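The structure under discussion appears below in the form of structure tokens.
Because the structure is a prediction, the values reported are computed rather than measured. Because only heavy atoms are used, hydrogens play no part in the values below, and waters and symmetry mates are left out as well, while side chains stay in.
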Amino acid sequence: MILTTHQKITFGLVLIGIVIFVTMPDVVIGLLIELVHLFVEVLFISFEWLESLLDHVVEHLLHTELHETQTIVFYILMGIVALPLYYLWRVLPGFFSRTKENVQVIWAQYKNQIGLYWQDLSLIDKIKVVVITVGAFYLASFLVM
């Protein structure tokens with residue numbers, strides 16, 4: 001298989017990322033936490049900007065006082081939030097039922113393949129598979145502690 005330049009660059013970047021994560025996990029996790037913090041901060045500032053904009057528009061158009069303006073803006077924001085929530089309420093049950101059906105089909109195929117694989121193994125190969133699996137679980141038990 002001959003790799004194109006794009007595939008070589010992608011492969012190299014993935015390898016560099018894996019090496020960086022293995023050698024400096026604390027730095028990578030700290031960077032990810034800071035990026036999440038930055039994203040939340042941007043969301044908060046955007047919400048405050050939208051709220052302030054609505055405050056000024058409502059105050060200017062309807063000539064209301066502070067309390068009335070805040071009440072109107074609150075209900076406008078609740079309406080804006082209610083539309084995506086209603087859409088999710090309508091879409092998610094179908095999505096979950098399709099996902100459940102797909103998982104059941106994939107699980108049945110997987111069980112079928114494992115059963116056929118196990119039946120095709122000789123006795124020695126079955127013993128090898130069991131010993132390797134038990135050994136892997138035994139070694140993994142040291143990682144948990």
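The distance from the CD1 atom of I72 to the CG atom of L62 is 5.0 Å, given to the nearest 0.5 Å. In this structure, the separation between CG on L38 and CG on L31 is 10.5 Å, given to the nearest 0.5 Å. Note: I18 CD1 to T23 OG1 = 11.5 Å, rounded to the nearest 0.5 Å. Atom CG in D120 sits 9.0 Å away from atom NZ in K126 (nearest 0.5 Å). Rounded to the nearest 0.5 Å, atoms OG1 (T10) and CG (L15) are 11.0 Å apart. The distance from the OG1 atom of T99 to the CD atom of E101 is 9.0 Å, given to the nearest 0.5 Å.
The backbone N or O of G94 lies less than 3.5 Å from a partner atom in the side chain of S97, making a donor-acceptor pair. In this structure, Q109 contributes its side chain and I106 its backbone to no donor-acceptor pair below 3.5 Å. In this structure a side-chain-to-backbone donor-acceptor pair under 3.5 Å is present from E68 to E65. Not a single donor-acceptor pair under 3.5 Å links the side chain of S52 to the backbone N or O of E48.
In this structure, the side chains of Q70 and L66 come closer than 4.5 Å at one or more pairs of heavy atoms. Counting heavy atoms from C-beta outward, P84 and L88 have side chains that stay 4.5 Å or more apart.
Hydrophobic clustering of Ile, Leu, Val, Met, Phe, Trp and Tyr side chains at less than 4.5 Å, counting indirect connections, unites V134 with L121. Linking Ile, Leu, Val, Met, Phe, Trp and Tyr residues whenever their side-chain heavy atoms come within less than 4.5 Å places L32 and V27 in a single cluster. Hydrophobic clustering of Ile, Leu, Val, Met, Phe, Trp and Tyr side chains at less than 4.5 Å, counting indirect connections, unites I16 with F21. Hydrophobic clustering keeps F74 apart from V57 (ILVMFWY residues linked when any side-chain heavy atoms are closer than 4.5 Å, directly or through intermediates). Hydrophobic clustering, with ILVMFWY side chains joined whenever heavy atoms are under 4.5 angstrom apart, keeps I9 apart from I20.
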Applying side-chain contact (heavy atoms from CB on, under 4.5 Å), run through I114 and Y110 and close with a yes or a no.
-> CA-CA 6 Å; I114 294 294; Y110 179 72; 3.8 Å; yes

Chi angles and distances behind the side-chain contact (heavy atoms from CB on, under 4.5 Å) call for L83, Y87 | CA-CA 6 Å; L83 288 174; Y87 176 75; over 6 Å; no

When you look at K8 and F11, which way does the side-chain contact (heavy atoms from CB on, under 4.5 Å) test go after all the steps?
-> CA-CA 5 Å; K8 288 178 184 177; F11 185 69; 5.7 Å; no

For L50 and L77, run side-chain contact (heavy atoms from CB on, under 4.5 Å): C-alpha distance rounded to whole Å, both residues' side-chain angles, the deciding distance at 0.1 Å, then the answer.
-> CA-CA 9 Å; L50 176 67; L77 289 174; 3.9 Å; yes

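Across every non-hydrogen atom of T69 and E59, the tightest pair is OG1-CG, 3.5 Å.
S122 is linked by a side chain to side chain donor-acceptor pair (under 3.5 Å) to D125, counting only residues two or more places apart in sequence or in another chain.
By the 30° and 60° cut-offs, the orientation of the rings of H60 relative to H63 is tilted.
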